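Right, one structure below, let's go through it.
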Amino acid sequence: MMRNAIIIDGKDNVVVAIEPIRKGDTVTYLCGDEERTLAALQDITIYHKLAARDIAKDEPVVKYGEHIGVATCDIKAGEHVHVHNVEGRRENLDDKA
């Protein structure tokens, strides 16, 4: 099966679409040596993120092995992950500097 998404780091809970993905499409990506799949629950624009697994409200969103924000609501595996359901919390990072 053709891969249409990538995961950057094994700790990530999001994958990145490397081509446009339509609702209902099978999302296929390689995690380490294992090919994984999930169903897209929404249309995903190329280079946008979707949840690789369920992400609970207030749970960190992880991309590149780093926390990039916090889920503002429960996000189901296969849903679009973007500004509508993730909040940046950079002020917390600045407090530690």
Side-chain angles (χ1 to χ4, degrees):
M1 182 172 279
M2 285 281 285
R3 293 186 192 112
N4 53 3
I6 60 170
I7 193 164
I8 307 299
D9 186 290
K11 294 178 281 196
D12 293 358
N13 56 13
V14 296
V15 297
V16 177
I18 55 173
E19 63 184 46
I21 296 172
R22 308 298 282 159
K23 179 180 179 179
D25 283 356
T26 297
V27 178
T28 305
Y29 61 97
L30 194 61
C31 185
D33 293 330
E34 178 186 354
E35 189 167 84
R36 297 185 183 175
T37 62
L38 62 111
L41 299 182
Q42 299 169 307
D43 292 344
I44 309 295
T45 305
I46 189 170
Y47 307 129
H48 279 227
K49 300 174 295 300
L50 63 151
R53 62 167 178 78
D54 291 348
I55 302 170
K57 181 180 180 183
D58 296 324
E59 183 179 346
V61 174
V62 182
K63 180 180 172 190
Y64 307 124
E66 300 291 333
H67 294 185
I68 61 166
V70 176
T72 58
C73 60
D74 291 342
I75 306 170
K76 292 185 186 316
E79 285 186 337
H80 189 208
V81 176
H82 201 53
V83 296
H84 67 284
N85 57 10
V86 176
E87 175 182 88
R89 300 243 171 118
R90 292 191 60 84
E91 66 277 0
N92 293 342
L93 299 175
D94 293 339
D95 291 343
K96 295 177 183 176

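These figures come from a predicted structure and were not determined experimentally.
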Legend entry - Residues clustered with V81, ILVMFWY side-chain links under 4.5 angstrom: V14, I55, V61, I68, I75, V86
Inset, instruction - Flag the pair Y29 / R36 as yes when at least one side-chain heavy-atom distance between them is below 4.5 Å, and no otherwise. - result: yes
Inset, instruction - Just grab all the salt bridge (charged side-chain N to carboxylate O under 4.0 Å, His left out) pairs involving residues 72-82, residues at least two apart or on different chains. - result: none
Legend entry - Minimum heavy-atom distance A5-I18, with the two atoms named: N-CG1, 3.6 Å
Legend entry - Residues clustered with L30, ILVMFWY side-chain links under 4.5 angstrom: none
Inset, instruction - Please name all residues satisfying side chain to side chain contact (heavy atoms under 4.5 Å, CB included) with T72, sequence neighbours left out, ordered by chain then number. - result: N85, E87
Legend entry - Residue among V15, T45, T26, V27 satisfying side-chain contact (heavy atoms from CB on, under 4.5 Å) with I21: V27
Legend entry - Selection residues 38-56 - residue pairs positive for salt bridge (charged side-chain N to carboxylate O under 4.0 Å, His left out), sequence neighbours left out: R22-D43, R53-E59
Legend entry - Side-chain heavy-atom pair K63, V16 within 4.5 angstrom cut-off: yes
Inset, instruction - List for me each residue that meets side chain to side chain donor-acceptor pair (under 3.5 Å) alongside H48, sequence neighbours excluded, and say none if there are none. - result: H80
Legend entry - Min side-chain heavy-atom separation T28-E35 under 4.5 Å: yes
Inset, instruction - Starting from V70, walk the hydrophobic network (Ile, Leu, Val, Met, Phe, Trp, Tyr; side-chain heavy atoms closer than 4.5 Å) and list everyone else you reach, by chain and number. - result: none
Inset, instruction - Compare every heavy atom of G10 with every heavy atom of C31, then report the nearest pair and how far apart it is. - result: SG-CA, 4.3 Å
Inset, instruction - Only pairs at least two apart or in different chains count here, so list each side-chain hydrogen bond (donor to acceptor under 3.5 Å, both in side chains) that has a residue in residues 7-17. - result: none
